[in-house]
Amino acid sequence: MSNTIRNIQLTAVFILLISTVIAFIIEMKTMYDNQTITLADLLLMFIYIEVIGLVKSYWETRAVRITYPLVIAITALARFIILQDKESDPTNLIYISLAILIVAISTVIIKFRNSKYLKIDNSRSGKL
């Protein structure tokens with residue numbers, strides 16, 4: 001049963017990879033047709049590259065490294081800020097900026113949680 005579930009997961013990840021590559025190609029074609037490249041386009045392409053990296057990481061380790069989705073979230077939120085029009089509520093900018101800050105702090109905490117510099121004892125002895 002677990003082998004079947006693993007095969008379903010790998011198939012879904014493969015479909016995600018193919019879909020991301022197709023979306024990347026479509027975005028490249030759109031930029032070529034429009035003869036313009038905007039910062040929003042570049043951030044969208046960066047999101048596609050991060051998703052491809054996430055798929056590669058999952059395919060190699062069979063586990064999702066949590067930092068990939070967090071970096072994708074930061075990039076998506078930054079793109080959202082860039083795409084906001086001038087008539088939108090300015091408090092939304094503050095909320096999205098706070099969300100970026102929270103995700104960035106979370107990323108730093110996750111990166112350094114097992115760091116020898118923090119001197120955190122992660123041993124499970126003494127816990128039930």
Side-chain angles (χ1 to χ4, degrees):
M1 180 67 178
S2 85
N3 196 19
T4 303
I5 292 173
R6 175 60 64 196
N7 289 336
I8 291 171
Q9 287 175 332
L10 292 176
T11 303
V13 167
F14 183 72
I15 291 169
L16 179 66
L17 176 64
I18 296 300
S19 301
T20 305
V21 169
I22 290 170
F24 186 87
I25 292 169
I26 290 171
E27 182 64 24
M28 291 287 292
K29 183 183 179 320
T30 302
M31 287 189 308
Y32 180 78
D33 290 343
N34 294 339
Q35 295 293 309
T36 60
I37 300 173
T38 63
L39 183 57
D41 294 331
L42 294 175
L43 288 172
L44 182 61
M45 295 191 55
F46 184 71
I47 291 172
Y48 291 146
I49 291 168
E50 287 297 322
V51 170
I52 291 170
L54 176 67
V55 168
K56 177 183 175 274
S57 174
Y58 180 80
W59 198 268
E60 289 174 350
T61 64
R62 303 295 192 256
V64 175
R65 288 184 38 211
I66 191 66
T67 53
Y68 272 110
L70 293 176
V71 169
I72 293 169
I74 290 171
T75 307
L77 289 168
R79 184 175 185 275
F80 187 73
I81 288 174
I82 291 168
L83 292 178
Q84 272 189 341
D85 56 355
K86 294 177 183 175
E87 291 80 35
S88 65
D89 188 16
T91 57
N92 288 340
L93 182 63
I94 294 171
Y95 294 141
I96 295 169
S97 300
L98 285 173
I100 290 173
L101 180 64
I102 290 169
V103 174
I105 290 170
S106 301
T107 304
V108 170
I109 290 170
I110 288 171
K111 279 290 218 189
F112 289 113
R113 72 177 185 259
N114 294 326
S115 173
K116 63 182 177 180
Y117 300 112
L118 294 179
K119 299 188 188 331
I120 296 174
D121 184 20
N122 288 333
S123 66
R124 300 198 190 272
S125 62
K127 292 184 179 179
L128 295 177

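All heavy atoms count here, side chains included; hydrogens, waters and symmetry mates do not. Count residues from 1 along the sequence.
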Exercise. Where is the tightest heavy-atom contact between L54 and R65, given as atom of each residue plus distance?
Worked result: CD1-O, 4.4 Å
Exercise. When rounded to the nearest 0.5 angstrom, what is the spacing between OG1 in T67 and CD1 in I74?
Worked result: 10.0 Å
Problem set entry | Donor + acceptor pair across side chains of D41, T38 (<3.5 Å) | yes
Exercise. If you count the non-hydrogen atoms of other residues, nucleotides and ligands that lie under 6.0 Å from CZ in F80, is the total more than 12?
Worked result: no
Exercise. Is it true that I49 and L42 fall in one hydrophobic cluster, defined by side-chain heavy atoms closer than 4.5 Å?
Worked result: yes
For this session: Would you kindly confirm whether V108 and I66 end up in one hydrophobic cluster when ILVMFWY residues are joined by side chain heavy atoms under 4.5 Å apart?
Result: no
Exercise. Closest approach of S57 and T61, non-hydrogen atoms and distance?
Worked result: O-OG1, 2.8 Å
Exercise. In terms of the angle between their ring planes, are F24 and Y48 parallel, tilted or perpendicular, with boundaries placed at 30° and 60°?
Worked result: perpendicular
Problem set entry | Least distance between heavy atoms, A73 atom then V103 atom | CB-CG1, 4.5 Å
For this session: Answer yes if M31 and I47 sit in the same cluster of Ile, Leu, Val, Met, Phe, Trp and Tyr residues linked by side chain heavy atoms under 4.5 Å apart, and no otherwise.
Result: no
Seminar exercise, completed: Rounded to the nearest 0.5 angstrom, the OH-CG distance for Y58 and L10 is 5.5 Å
For this session: Nearest 0.5 Å please: distance from the CZ atom of R6 over to the OG1 atom of T11.
Result: 11.5 Å
Problem set entry | Gap separating the CG atom of L98 from the CD1 atom of I105, nearest 0.5 angstrom | 9.5 Å
Exercise. Can you name the closest pair of heavy atoms from P69 and V64 and give their distance?
Worked result: CG-CG1, 4.1 Å
Problem set entry | For the student: nearest non-hydrogen atoms of A40 and L83, plus distance | CB-CD2, 3.4 Å
Problem set entry | D89-T91 side chain donor-acceptor pair, cut-off 3.5 Å | yes
For this session: Indicate, with yes or no, if L93 and I96 share a hydrophobic cluster defined by side-chain heavy-atom contacts under 4.5 Å among Ile, Leu, Val, Met, Phe, Trp and Tyr.
Result: yes
Seminar exercise, completed: The single option from I72, L101, I82, I100 that satisfies side-chain contact (heavy atoms from CB on, under 4.5 Å) with L77 is I100
For this session: Hey, could you give me the OG1/CD1 distance between T107 and I102, rounded to the nearest 0.5 Å?
Result: 11.5 Å
For this session: Take I110 and L70 through the test side-chain contact (heavy atoms from CB on, under 4.5 Å) and record every step on the way to the result.
Result: CA-CA 10 Å; I110 288 171; L70 293 176; 3.7 Å; yes
Exercise. How long is the gap from CG on L44 to CG on L39, to the nearest 0.5 Å?
Worked result: 11.5 Å
For this session: Answer yes if L16 and W59 sit in the same cluster of Ile, Leu, Val, Met, Phe, Trp and Tyr residues linked by side chain heavy atoms under 4.5 Å apart, and no otherwise.
Result: yes
